[in-house]
Structures are given as structure tokens and as C-alpha cells.
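Report on the structure given below.
Residue numbers start from 1 in every chain, and the chains themselves are labelled A, B, ... in the order their sequence lines are given, proteins ahead of strands.
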Amino acid sequence: MRNAARRLTHRFVLIFSLVLLGSLLSVGAASAQFGQPKPVTEEADSLHTLYLLVTVAGFIVFALVTGALLYMVVRYRRRSDELPPQTHGNNLLEVIWTTIPIVIVLFLFVSSFVVLLDVEEDAEPEDLTVNVTGFQFSWEFVYDLADLGRGEGPGGEGTVSVIGTGSEEPLLVIPVNEPVEFKLTSNDVIHSFYVRNFLYKLDVVPGLDNSFKVTAHETGTFEAQCAELCGLDHALMRFQVQVMERPDFDAYIAGLASEQLEQARVP
Amino acid sequence: MATIAVPRTGSAFRPAVLDWLTTVDHKKLGILYLYFTMFFFAVGGILALLVRTQLAVADSTFVSNDAYNQIFTMHASAMLFLFIIPIWAAFGNYIVPLQIGAVDMAFPRINALSFWLLPPAGILMFSGFFFGGSADAGWTAYSPLARNTGTGMDLWIIAVILLGISSTIGAANFLVTMFRMRAPGMTMFRMPVFCWNVLVTSILQLLATPVLAAALCMLYIDRNFGGSFFDPNGGGNVILWQNVFWFYSHPAVYIMILPGMGIVSEILPVFARKPLFGYKAFVFATLGIGGLGFSVWAHHMFTTGAVLKPFFGFMTFMIGVPTGVKIFNWLATLWRGSITFEPPMLFALGFVSMFLIGGINGTYSAAVPVDFAIHDTYFVVAHIHYVLFGGSVFAVFGGLYYWFPKFFGRRLNDKLGVTQFVLMIVGFNLAFFPMHLLGLDGMPRRIATYNEADWEALNMASTIGAFLIGVSMIPFLIAVVAAFMRPKDQPDDPWEGNTLEWATTSPPPVHNFDSLPEIHSERPLFDQRHGIGGHGVHPATGEGRG
């Protein structure tokens, strides 16, 4: 009976360690950002730093508690029928291990609060604005032509819009190294505007004027999609975000504008 | 003591079926709850396997988007409303009156009503499949999406209201039972910790469930009678739904986990042969979780842009404190113990280790800025499953192996139990750990399909893990069948238990106890076994003066 119990212990510890090791390896195998996509905005850099902080804190807690658990299980397995000492509790210990989590969570809360203030700054009126409308099941991005050619004389008048369709995912373009504000609108159900490499999402809520600001510091094309269940083809409500240099951005939007003007002329 | 009109079932003439249909015996109702909830555990599990089959590969066409939305909605609805919440009523019904030395619940007929509301609710909820499709807006039924879907949604609403009534009157029944029906000597602070957890759970149910019922009525009015509670075009507010829904559904997460913590807190002391370390601290931590549980609901809504983020982030962090206290107390219970590893203990240890992960990955959502990235991704799916599967389901099986001898007078085979545990914990981690990585990489939850090739390997691993969990149910079923093929042979107290349910036969007679031991501490049977109590003072603690 005793041997059987010991074999069970060993088996349990062995299997548990294997599971643990596997989990750690799979984490290690994930990308250099410890699982998160590469942050491409200034805000995402802060968000990522906080993520790393929480991960380190979490890993330390996990290692200590799981280590303690494994130690107890191995060290205190039943070896004789003798009754172990009947310790009922210890108030000092209770105070200590109430204080430890309080200190940890206060530290994490303060860190979170600092980052929150940092990434949720309001946009300035002169910032480039993209009006985003989520609808079942794609997106519309509207640019103001007056925002083009910033600093080099006036841009055009009117707006230009990009609408995705069921067969074609829309492309959202923004210039690099300058603040861009997204104003989010929905007229049907709740959607969520989620660009993976921004490490950020904001819900697109009917009746609510949500907006946020990012400053991208890296050019490239990034995947994005709706993150709030919105019905039948929610899974297909994808789009891409392309971050480009300012002149390229101007040229791209101007090109879109003239294209749409021509389409309007052709009856 | 209150007088209880329990119709004695001295009716050997009545057919057995009629007896089960009309019983008001808390033990039989507990067993009925158990059968009902395990049935829906199987149904929810099959739906989960359909989900995992669909997501195993990219651009899958195994099921349509429409079917997928119904499947994952019903998976969650079955698991939460028809399995986890009511299965605690199964354990609570059977065990609470026994543990406090009572002859039955305070209101046996209301108890029967609580149970008999469940089958129609389950049937209604699933009948959507025969009326043009079941509910498909997620178990969270966010409006306006849920305002405009098919008939299945109305059936779902009515079903959840019925379940809410069942759980509200059940909660009142548990509270009165524990406040008024304790045996002489069973003071509140001698009540077993499982009872305390059911007590706090009942308070949460009593306070929170009516709010859900109100929300569901508003949704029903919006859908059917031209209301506009949640329609901004009619002066309503979309976010209102989320506030009222989560005001119930976050406490509901504690409704789904606290009794599991109670079961683990019963098992660890018995198999470590020590009292639960810091009994009172544990009780206060449970009350603390219950209280704080009402102030964290909006952490489900950080990305709506419509809640006070620092406050709810702070409160969410704070709820980690009493949870941490519980984990430390469990560890200290094992410390210098004399531990054996029968299946109940394995599942209890599995609970502690997996729930720990579920606590740690929860801090990612409490850190509001981190939540911006992981909210509504598979990271959150990983989190809830580490809490509700790694936590609650492991506790369910721990409780089943632990109390099966008491319920049925038969013991589940140990080897099969160990086999189930090993398969389940490996399958569980294989199924749900990769979801952390998928979520971090940006895979949203509730998508019927994905086109990212990078996500395929992890999704496949998760699917294999899910099927392994399915396979782990085979040894369990074999153990159950094997147990029922043998005669009842279990003694009163097969585990050297501490609490009163082990002071009567297995299974107990209709009236529960022929006699009760004296109660001088939270471990009357331990005291009796070791000759402690009477007029003496507890040698180890000075507690328990007779």
C-alpha cells in the first residue's frame, strides 16, 4: 500500500513536471516579444513593457507557488501511520501572506495606471483623423482631403472613403511618425477595432463616440480584424493597416481621390 | 429545531420512477441534479469538440459560420448554466444538510421545485435547434446583436430566466438551512468550509441573479414588444446591457468556483491528515471574494471606452488578495502533512495548480493596458478555462471521487481514477495552454475560421488536447459502470473523513442520522476518532471546549 502510494507520487510529480516543462518550452519557442506581436506604435511600446512586467511578476509567483506545491507533495507524502502535528493556523503567517499579494498587486496597479495615462492621451485638433465605421461585415475608412500635404500648402477639399466588401478586405493607410486619431462609429451592432501590432483595441459601439490616438514608428503592413462577435461573418471582418512615409501616404490618398472622382464621372 | 414535514417514503408500493419524480429528499434531489448536470456536461463537451474540430485547421469548412456561432454559444450556455452552476447544487443538496447534521433542507418542496425548473429550461434552451437555430450571440448575448437574432434567442432568454429562478430559490433554501438547521454544537465557525463556500455562493446568487433576470426581461421586451432599452436609436443605451449582464455574470464566476474551492478544502485536510490551515482566515477570504466580486464587473468592459478603468482595474487586482490567501492556506495545509494520493486528492492538487495559473493569467486583464491587447482574444478563453475547467471541473471530479461512496455506497476504482486524472490534466494543458499564445498573437475569440497559417500548429495542439480530455472520460465512465455492477460495500467513513456526512451509513438513511457525535470543532469525526472533545480542551489548539 505504501509502495503503491509512493509510485503514485512519483508518477504524479513526473507527469506534472513534464507538463510544466512543455508549457515553459512552448513559451520560450514563441517569438522574441514573449508572445506578443511586434509593437509598431509608441503607445504599443509602453503597452508591451507593461506586459513584460506582468509576465515577469506572474512567472515568479507561478514558479514559487508551484515549486512549493511540488515540494510539499514529495516531501510530505505518507510514510507512516503516525498522525502528523495538527497545526490549525498561525495569525502572523496569515498577515504576512495577505500582505505579500497586496504589495504585488499594488505595484502592478500603479504600473498599469502610469501606462494607462501614458497611452490614453487625447488627440490634438490638428492631428490627422481617420473616421472608421464598422458594419456587418466590413469596414469603411474615411479620410479628410484637407489633411493631405500637411505643412506644404493646403490639401484638397472633401473626403475620400475606402469601403471593404465581402470579397475584398479594405486597406487602412496611415503615415508614420505622426499622431493619427481614429474615430469609431457603428450603426448596426458592436464591433471592435483591433490592430494586432498596436497591442490595442477599442470597441465600435452604436451610440457611443469612441476615439483613440496612435503614433506609428514603423512602416509596413499589419493584420487587423473585428474582435467583438458581430454576427454571421464576424470571422471574415478583416482588414489591413499599412503604415507609410508621409509623401507616400499623400500620394496614395490623392490617387484614391482622383480614382473615385473618375468613377463618379463615368456614368 | 424546526419541524420538517418530510413525507417518508415508506411506500414500497409506489413505483420507483414515481418516487424519483416526486421526491423531496435532499439526497435524491442531489442525485437528480448530478445526473442532469453530468448529462449537459457531456452535451457541452460534444459541442466543444465540434468547435475544436472546426478550428483545427485554417480556413476550415467543417461547419458553416452560422452553425459555428450556435455551437459555441450553446457550448458556453450548457457548461455555465446547465452544468457548472447547478452541479454545485448537486453537491450542496446532498452534502450540506449532512455536514451540518440536519435531517433535510429547510424547504424540501422548494428544493424539489429548484430542481424541476432545470429540465424544462434545458429543453427550452436547446429546442432552438428545432426552431430555425439556437441562440447564436454568445452566452453573453450582447445587444444590439442579441436584439436581432432568431427565435432561438427568445427560448434562450426564457430558459436562463427559469434557471435564474431555480438558483435564486435554491440559494434562499441553502441560506435558511445553514442558518437555522445546524445540529446542536455546530456553531457557524464549526461549519465545514464547503458549507461556508456554499453559503457565500448562495448570497451571491440571491443578490446577483435577480439583476440578470431584469436584464433578460429588458432584452425580451426589446426583442418582442418594441422596447428600446438597448437601442440608441430609441433613446436606449447599448452599454447598459453589458453593465447589468456583468453585474450578474462576474459574481457568477465566483458562483461557479467558490463551491469548488470548498470541495478542495474538504479533500486536502483529509488526505494530508491535518486540519485546514487557517480555517477562519479561509472563511474570511471567502467572504472577501464574495464582497469584492460585486465591484469588478466592468473589467469585462475595458475596451468599451465607457467605464472607469482605474477603479475596476484596482478592484480586480484586489480580488487577487483573498484568492492568494486561500492558495497559501492550502499549501500550509499540506505542510508537514501525511499525504496520500487517491483520486480525490489528485484532482484537488490538480485544482490548486491549475487554478493558480488561472489566477495569474487573470492579472493580465486586471492590468488595464495589457487587457487592451488580450481582451476578446483566445488569451481570455485560456483564462476562463484555467479557472472553470482547471479549477471547477477538477473540483467536480475530486468531489465525485470523494463522495461517490457516500452517494452510492460504492467506490470508484482508484486506478481508473488515476488514469482519468493523468489523461485529463495532460489533455487540459494541451488544449488550453496554447490558447494563451494564440491570444497574445492576436487570434480573436468567437471567430468561426481564421486564415493565419501561423495559428494552425497551436490550434491543432489545442484540438488534440480537447479530444484527449474527451478520452479521459472513458476511464471515468468505466469506473462508474463497474462500481454500479458491484454491491454496496462501502463503510460509513472510507477516507477517515472529518465531517458529519461520514458519521452515517453510505448511503445515508432517509432521515440521515441515527445519532450524531458531539461537535466540538469543525472536525467532529476526527475528534471522535482520536478521543478528543468531551469536556477536555483540544490538545493541539486549545479550541473545542466541550
Side-chain angles (χ1 to χ4, degrees), chain A residues 5 8-9 12 15 19 23 30 35-37 47 50-51 54 58 61-62 65-66 68-69 72-73 76-78 83-86 88-89 94 97-98 101-102 105 108-109 112-113 115-116 119 189-190 192 196 199-203 205-208 210 225 227-235, chain B residues 65-66 138 142 144-145 232 238 273-275 277-278 281 303-306 309-310 313-314 317-318 320-321 324-325 327-328 331 334-341 346 352-353 356 360 363-364 367-370 372-373 375-376 418 422 426 429 433 437 440-442 444 446-449 540-541:
Chain A
L8 277 182
T9 323
F12 173 69
I15 285 160
V19 170
S23 320
Q36 283 202 319
L47 296 169
L50 181 67
Y51 163 75
V54 175
V61 172
F62 171 76
V65 176
T66 306
L69 180 66
M72 307 276 183
V73 164
Y76 298 116
R77 62 187 190 276
R78 187 166 300 172
L83 195 65
Q86 298 294 300
H88 282 258
E94 298 291 346
W97 64 47
T98 308
I102 288 181
V105 299
L108 289 177
F109 169 72
S112 307
F113 192 55
V115 173
L116 187 64
V119 299
V189 300
I190 306 173
S192 189
R196 289 175 213 161
L199 307 185
Y200 190 83
K201 67 176 65 70
L202 188 59
D203 292 354
V205 185
L208 208 61
N210 272 345
Q225 75 186 98
E228 183 66 65
L229 176 68
C230 59
L232 190 64
D233 283 339
H234 163 59
Chain B
N65 293 356
D66 182 28
Y142 274 15
L145 181 63
V238 169
R273 282 194 172 172
K274 279 185 64 200
F277 195 90
T303 65
T304 56
K309 284 171 266 202
F314 180 75
F317 272 128
M318 288 313 289
V321 175
V325 168
I327 288 178
F328 287 130
L331 288 180
L334 299 177
W335 180 66
R336 294 173 68 190
S338 176
I339 305 171
T340 52
F341 298 93
L346 289 180
V352 176
S353 55
L356 170 72
I360 291 172
T363 58
Y364 287 77
V368 179
V370 177
F372 291 150
H375 180 71
D376 264 328
V418 175
V422 171
V426 172
N429 281 288
F433 197 85
L437 304 174
L440 287 172
D441 201 42
R446 298 176 167 179
I447 51 172
T449 184
T541 63

task = For chain A, find which of B:T449, B:L440, B:I447, B:V325 contributes the most heavy-atom pairs closer than 4.5 angstrom.
result = B:L440
ask   = Could you state the interatomic distance from CG (B:D66) to CG (A:D233), rounded to the nearest 0.5 Å?
value = 9.5 Å
ask   = Does A:E228 reach the side chain of B:T303, with side-chain heavy atoms less than 4.5 Å apart?
value = no
key: Expected output: side-chain B:K274 to main-chain A:Q86 donor-acceptor under 3.5 Å   = no
key: Segment of B:I360 engaging chain A (4.5 angstrom heavy-atom cut-off)   = side chain
Residue A:V54 versus chain B: region with a heavy atom under 4.5 Å = both
query = Heavy-atom distance under 4.5 Å between the side chains of B:I327 and A:W97, does that happen here?
reply = no
message = For a side chain to side chain contact (heavy atoms under 4.5 Å, CB included) check, start with the C-alpha distance between A:V189 and B:Y142, then their side-chain angles and the critical distance, and finish with the verdict.
response = CA-CA 9 Å; A:V189 300; B:Y142 274 15; over 6 Å; no
message = So which residue, B:P369, B:P444, B:A448, ends up with the most heavy-atom pairs under 4.5 Å with chain A?
response = B:P369
inquiry  = Distance check, rounded to the nearest 0.5 Å: B:Y364 atom OH versus A:L108 atom CG?
reply    = 10.0 Å
note = Ranked by heavy-atom pairs below 4.5 Å to chain A, first place among B:K309, B:R336, B:M318 goes to B:R336
inquiry  = Quick check on A:Y76: does its OH atom have over 12 non-hydrogen neighbours (other residues, nucleotides or ligands) under 6.0 Å away?
reply    = yes
ask   = Are the side chains of A:V65 and B:L331 in touch, meaning some heavy atoms are under 4.5 Å apart?
value = yes
key: Largest heavy-atom contact set with chain B, pairs under 4.5 Å, which of A:H234, A:Q225, A:R196   = A:R196
request  = Counting only heavy atoms closer than 4.5 Å, note whether B:P232 contacts chain A via side chain, backbone, both or neither.
outcome  = side chain
key: Distance-only side-chain donor-acceptor flag, B:T304 / A:D203, under 3.5 Å   = no
key: Straight-line distance of A:T66 OG1 to B:L356 CG, nearest 0.5 Å   = 5.0 Å
ask   = With a 4.5 Å limit on heavy-atom distance, are the side chains of A:S112 and B:V368 in contact?
value = no
4.5 Å side-chain heavy-atom contact, A:I190 and B:L145 = no
request  = Using the side chain to side chain contact (heavy atoms under 4.5 Å, CB included) rule, take A:E94 and B:F277 through it: C-alpha gap first, then chi angles, then the decisive distance, then the call.
outcome  = CA-CA 10 Å; A:E94 298 291 346; B:F277 195 90; 3.8 Å; yes
key: Partner chain B: residue of A:V61, A:L83, A:I102 with the largest heavy-atom pair count (under 4.5 Å)   = A:L83
ask   = Measuring from B:F372:CZ to A:L47:CG, what's the distance to the nearest 0.5 Å?
value = 7.5 Å
key: Residue A:F113 versus chain B: region with a heavy atom under 4.5 Å   = side chain
ask   = Can A:L208 and B:V238 be said to form a side chain to side chain contact (heavy atoms under 4.5 Å, CB included), step by step?
value = CA-CA 9 Å; A:L208 208 61; B:V238 169; over 6 Å; no
key: Which of A:A227, A:G207, A:S192 touches chain B most, by non-hydrogen pairs under 4.5 Å   = A:A227
Sidechain-backbone polar pair: A:K201 side chain, B:H375 backbone, donor-acceptor under 3.5 Å = yes
message = Counting heavy-atom pairs under 4.5 Å with chain A, which one of B:G138, B:A306, B:A367, B:G324 comes out on top?
response = B:A367
task = Tell me, out of A:P84, A:P101, A:C230, who's got the most heavy-atom pairs with chain B below 4.5 Å.
result = A:P84
